[in-house]
J.: 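Next up is a structure, given as structure tokens.
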Amino acid sequence: MEGYGGPLARRLEAVGSCLESEGVASREVFLRLVDKTPREEYGDYGFPLMRFAGGRDLEGVLSKVKDCVEALGVNGVSLSIHRGFLNLKFNEDIIGGEAISLYEKGWRVDVIKVGGAEAKNIVVEHTSANPVHPLHIGHARNASLGDTLARMLEARGHRVVRRYYVNDVGRQMAVVVYGFKMLNTTPRDVAATLKTKVDHAIGWVYALTHTAVDFALARKNMIEEDLNLLASTLARLRERGSPELADKIIGAVLSLEDPEAEVSKIMLRYEMGLEPEKSLVRSIAEAALEGFRETLEKLGVEFDYWDWESDIVWSGLLAGVLNELSRSGFTKVHKGTVALDTAAVIRDVVEGDSVLRESIKLPRGFEVPPMVLYRSDGTTLYWTRDIAYSIYKFQHSKADRVINVVAVEQKLPQLQIRLALAAIGRVREAANMIHYEYEMVNLPGRAMSGRRGEYVTLDELLEEAEARAFYEVKARNPDLEEETARNIARKVAAGAIRFSLVQPGALKPLTFDTAKVLNFEENTGPYLQYTHARASNILEKHGPIKYELANPKTYSEPLRRNILITALAYPMISAKAADELRPEDLAAYLLKLADIFNKWYQKDSVIHEKDPGAREAKATLVKLVKDTLSSGLTLLGVTPLERM
RNA sequence: GGGCCCGUAGCUCAGCCAGGAUAGAGCGCCGGCCUCCUAAGCCGGCGGUCGGGGGUUCAAAUCCCCCCGGGCCCGCCA
């Protein structure tokens with residue numbers, strides 16, 4: 001049953017094919033535009049036929065399509081015209097009967113799979129936080145979106161590879177290494193002293209060192225205002241961690257004439273792969289990543305590959321790409337260093353290729369600034385290395401598409417990287433590198449800053465959510481064992497956070513309200529988990545469903561009918577959400593389904609139903625809802641719960 | 001100055017790409033519902049000049065133009 005979308009999809013596809021053969025609208029357009037009607041009396045689904053009729057008599061089109069659908073042997077759907085819309089109404093007896101017998105044969109609710117050649121190799125690169133401070137809520141949005149996209153595309157039938165890019169080459173990493181050098185100790189030791197996770201310890205050293213270096217710089221330049229601010233930041237960080245260790249770092253930094261130079265030296269030597277910087281950077285970054293993995297696991301996020309930026313440099317891949325770039329003739333000297341002449345690339349490569357122009361997303365009338373490729377000291381820049389990494393992602397995974405889940409503020413560098421790829425003749429890669437952009441997450445009342453140690457960590461948030469969820473679970477199930485309740489609380493907490501970050505569109509700036517996410521009584525992930533638990537509970541009490549007894553005629557009751565029609569749309573809805581990279585559509589759909597189910601739950605008992613035909617039909621409906629929620633929640637990375 | 005994104009109910013948002021049927025949810029607020037499958041639920045009520053103005057169209061929240069407000073970017077940071 002590969003690619004089979006169930007009783008509803010089959011009928012919609014038939015109507016679409018008939019519209020196509022009648023020359024009214026393509027099947028694809030029909031499936032894209034057909035949607036639930038605003039009012040029940042019109043039918044279940046409607047399609048704005050008047051847009052496509054082009055003066056043809058709509059009633060005439062209707063009767064032709066009707067004949068066509070009938071000729072295809074498709075029953076259970078009736079067609080009508082109302083105010084220019086082609087409306088479809090399903091026969092719940094036939095549709096429901098079909099669903100019941102499918103279940104009997106072991107059908108599983110699932111996303112419609114793409115067929116053979118349509119299945120692509122897709123790389124999703126996401127999270128990729130620098131290993132210099134713990135993950136915070138912004139990274140959680142990235143991870144939730146990225147992981148959900150990966151899950152949806154995989155369920156759609158694509159071959160998906162999840163990659164994490166470890167940025168260990170830049171200045172940030174050098175700063176933290178400089179800090180540890182002065183302490184002459186390891187992240188693990190600092191973590192033991194501070195009694196924190198190792199990535200939190202690294203974040204503390206990073207913030208302290210960075211601020212101390214900035215302080216030294218401000219002192220040199222005699223900027224009074226900055227000095228005061230930086231001094232108070234240092235004092236705050238010192239108190240929050242270990243004053244002794246803090247004084248060691250601050251003292252060492254301030255004793256130097258030019259601490260910046262020390263940082264640059266570390267950066268330069270690491271990029272060249274020299275010891276001891278090489279093992280120092282690696283061991284610190286590795287320790288931070290260990291902390292990240294622990295946090296991400298709680299959110300159900302895993303990666304197939306952890307790609308080190310330094311490996312891109314040391315393997316010679318970067319040098320090769322730089323060589324290609326310089327031979328391309330698209331580089332020029334800009335402000336005393338080498339830059340990619342983006343204007344020339346646009347003029348000579350992009351303008352003449354309308355497909356490329358479209359896919360590369362070049363804003364009209366926008367002059368793309370030249371892309372500086374090297375610092376004056378000869379080291380490379382983040383985006384320069386990212387050009388090489390982009391090629392690596394395509395090559396290593398034999399990727400057809402690469403999706404980069406990267407914050408919207410990196411829009412320009414992402415565009416410049418696509419231009420660089422085009423410049424060296426990698427037009428296919430340029431056109432298939434997708435920047436999935438998302439807006440920043442703000443905290444009410446304050447800005448986040450890793451450099452100053454100003455952030456709410458994901459670990460803290462998870463802990464708080466777990467505690468709150470545990471309290472709620474215990475209140476509802478006093479008899480539940482400690483460990484079971486704890487486990488449920490963990491899933492509820494993670495589900496609440498993931499759902500809240502994926503539900504709004506990615507381009508909505510998000511103000512993260514902790515209290516709101518932890519309030520489980522809203523329209524949230526826990527609400528869906530709860531609905532799933534209710535459905536599970538019914539099925540558990542009901543026992544095995546006797547499909548042969550189930551009477552689909554009982555689906556004529558309006559609420560049951562609504563659930564049937566809504567639930568059976570899942571294979572199509574989820575497929576579309578995957579194709580359009582819109583997890584928020586899936587989230588909205590699941591909420592809708594849960595709403596209808598809960599409404600029904602309130603007034604129509606399953607296990608107290610006397611009539612066996614009705615009872616088994618209802619139980620089948622419950623199973624349909626449960627399976628649908630289970631599949632959809634899993635795609636969103638929210639664990640479906642049997643009990644809560 | 002230039003480019004992009006956002007602006008819809010008191011709050012958070014969906015609908016805009018592909019114009020059409022009385023603009024939808026949730027929260028909050030007010031009032032109800034647990035001898036009956038889990039009340040993290042359900043029912044009822046209040047609440048909108050779709051930021052403003054112009055244009056295209058039989059039809060505009062949706063398309064085009066101008067303006068206003070907020071955000072991001074235009075670094076030899078990432």
Side-chain angles (χ1 to χ4, degrees), chain A residues 29 32-33 35 37-39 41-42 46 48-51 82-85 87 128-130 132 167 169-173 334-339 361-369 372-384 386 406-413 415 437 439-440 442 450-451 469 472-473 475-477 492 496 500 503-505 507-511 513 516 519-524 526-531 533-542 580 584-585 587-588 591-592 594-595 597-609 618 622 643-644:
Chain A
V29 164
R32 201 169 63 205
L33 295 183
D35 204 0
T37 58
R39 305 184 64 179
E41 66 208 61
Y42 299 142
L49 187 62
M50 65 292 203
R51 258 193 249 168
H82 180 71
R83 298 183 63 172
F85 280 83
N87 290 327
S128 302
N130 291 337
V132 295
N167 305 129
V169 178
R171 181 161 235 110
Q172 300 195 349
M173 199 61 219
H334 175 74
K335 291 186 185 169
T337 185
V338 180
K361 292 217 170 89
L362 187 66
R364 285 179 196 290
F366 175 58
E367 277 184 44
V368 181
V372 173
L373 298 172
Y374 298 92
R375 292 193 186 90
S376 304
D377 64 7
T379 56
T380 51
L381 288 143
Y382 170 79
W383 46 82
T384 313
D386 212 357
V406 174
V408 66
E409 59 188 10
Q410 290 197 47
K411 200 170 188 135
L412 180 60
L415 171 63
E437 22 180 356
E439 267 288 353
M440 302 306 291
N442 303 301
R451 289 185 323 230
E472 298 282 341
V473 174
R476 289 175 173 78
N477 311 277
V492 171
S500 73
Q503 186 189 12
L507 283 176
K508 285 281 179 188
L510 201 66
T511 299
D513 188 338
K516 228 170 181 173
N519 173 9
F520 302 130
E521 293 179 9
E522 283 189 28
N523 212 347
T524 57
Y527 169 71
L528 292 174
Q529 288 173 312
Y530 176 68
T531 308
R534 278 182 142 185
S536 303
N537 195 41
I538 295 174
L539 292 175
E540 195 188 312
K541 294 216 158 92
H542 175 273
E580 296 179 358
E584 65 270 31
D585 288 355
L591 286 172
K592 182 79 199 149
D595 283 346
F597 178 78
N598 281 318
K599 240 167 234 177
W600 177 56
Y601 178 96
Q602 207 68 26
K603 55 167 73 161
D604 193 5
S605 177
V606 176
I607 64 173
H608 296 111
E609 171 65 55
K618 285 196 214 171
V622 175
R643 181 169 188 192
M644 65 187 279

J.: Out of rA40(B), rC74(B), rC76(B), which nucleotide sits closest to the side chain of E472(A)?
T.: rA40(B)
J.: Would you say the base of rA40(B) and the side-chain of R476(A) have a donor-acceptor pair closer than 3.5 Å?
T.: yes
J.: Could you tell me the separation between the CZ atom of R32(A) and the C1' atom of rG19(B), rounded to a whole number of Å?
T.: 14 Å
J.: Check every atom of rC42(B), rA21(B), rA78(B) against the side chain of N167(A) and return the nucleotide holding the closest atom.
T.: rA78(B)
J.: Name the residue closer to the 5' end of RNA chain B, choosing between V606(A) and T37(A) according to the nucleotide with the nearest heavy atom.
T.: T37(A)
J.: When you compare rA61(B) with rC17(B), how far apart are their P atoms, in angstrom units rounded to a whole number?
T.: 12 Å
J.: Do the side-chain N or O atoms of R375(A) get closer than 4.0 angstrom to the phosphate oxygens (OP1, OP2) of rG75(B)?
T.: no
J.: Closest approach to the side chain of L507(A), judged atom by atom: which nucleotide of rA39(B), rC5(B), rC76(B) is it?
T.: rC5(B)
J.: Looking only at N and O atoms, is any donor in the side chain of N87(A) or the base of rA21(B) less than 3.5 Å from an acceptor on the other one?
T.: yes
J.: Remember a base hit wins even if backbone is also touched, and classify A588(A) as base, sugar-phosphate or nothing at under 4.0 Å, heavy atoms.
T.: nothing
J.: Heavy atoms, side chains only, cut-off 4.5 Å: are Y530(A) and T524(A) in contact?
T.: no
J.: Is there side-chain contact between Y374(A) and T380(A), with at least one heavy-atom pair below 4.5 Å?
T.: yes
J.: Applying ring pair (Phe, Tyr, Trp, His ring centres under 6.0 Å), can you list everything that pairs with H82(A), at least two apart in sequence or on another chain?
T.: Y42(A)
J.: When all nucleic acid strands are considered with a 4.0 Å heavy-atom cut-off, which category describes P38(A): base, sugar-phosphate, or nothing?
T.: base
J.: Which residues satisfy the ring pair (Phe, Tyr, Trp, His ring centres under 6.0 Å) test with Y601(A), sequence neighbours excluded?
T.: none
J.: Starting the side chain at C-beta, find the nucleotide from rA18(B), rC76(B), rC74(B) nearest to S376(A).
T.: rC76(B)
J.: So if I define the base as every atom that isn't primed, P, OP1 or OP2, how would nucleotides 65-70 of chain B read as a B/S/- string at a heavy-atom cutoff under 4.0 Å?
T.: ------
J.: Between rG75(B), rG20(B), rC13(B), which nucleotide gets closest to the side-chain atoms of F85(A)?
T.: rG20(B)
J.: Categorize V372(A) for me: base, sugar-phosphate, or nothing, with a 4.0 angstrom heavy-atom threshold over every strand shown.
T.: sugar-phosphate
J.: Please give the distance between the P atoms of rC77(B) and rC67(B) as a whole number of Å.
T.: 36 Å
J.: Would you say K508(A) reaches rA14(B)'s phosphate, i.e. side-chain N/O to OP1/OP2 under 4.0 Å?
T.: yes
J.: Find the distance Q602(A):CD to rG41(B):P and express it as a whole number of Å.
T.: 11 Å
J.: From the list rA18(B), rC37(B), rC77(B), which nucleotide is the closest neighbour of the side chain of R171(A)?
T.: rC77(B)
J.: What stems, by residue range, does RNA chain B take part in, given at least 3 consecutive Watson-Crick or G-U pairs under 3.5 Å?
T.: B:1-7 with B:68-74, B:10-13 with B:24-27, B:29-33 with B:41-45, B:51-55 with B:63-67
J.: What is the distance, rounded to the nearest whole Å, between atom NZ of K603(A) and atom C1' of rG44(B)?
T.: 12 Å
J.: Among residues at least two apart in sequence or on other chains, which ones pass side chain to side chain contact (heavy atoms under 4.5 Å, CB included) with Q602(A)?
T.: R534(A)
J.: Indicate, with a heavy-atom threshold strictly under 4.0 Å, whether E437(A) touches base, sugar-phosphate, or nothing.
T.: nothing
J.: Give P363(A) one of three labels, base, sugar-phosphate or nothing, depending on what nucleic acid heavy atoms sit under 4.0 Å from its own.
T.: sugar-phosphate
J.: In chain order, what residues pass the side chain to side chain contact (heavy atoms under 4.5 Å, CB included) check against E540(A), with sequence neighbours excluded?
T.: none
J.: Can you check rC73(B) for me, syn or anti if syn means within 90° of 0?
T.: anti
J.: Considering only side-chain heavy atoms of R534(A), which listed nucleotide, rG20(B), rC36(B), rA39(B), is closest?
T.: rA39(B)
J.: Using the P atom in both, what is the distance from rC63(B) to rC50(B), to the nearest Å?
T.: 16 Å
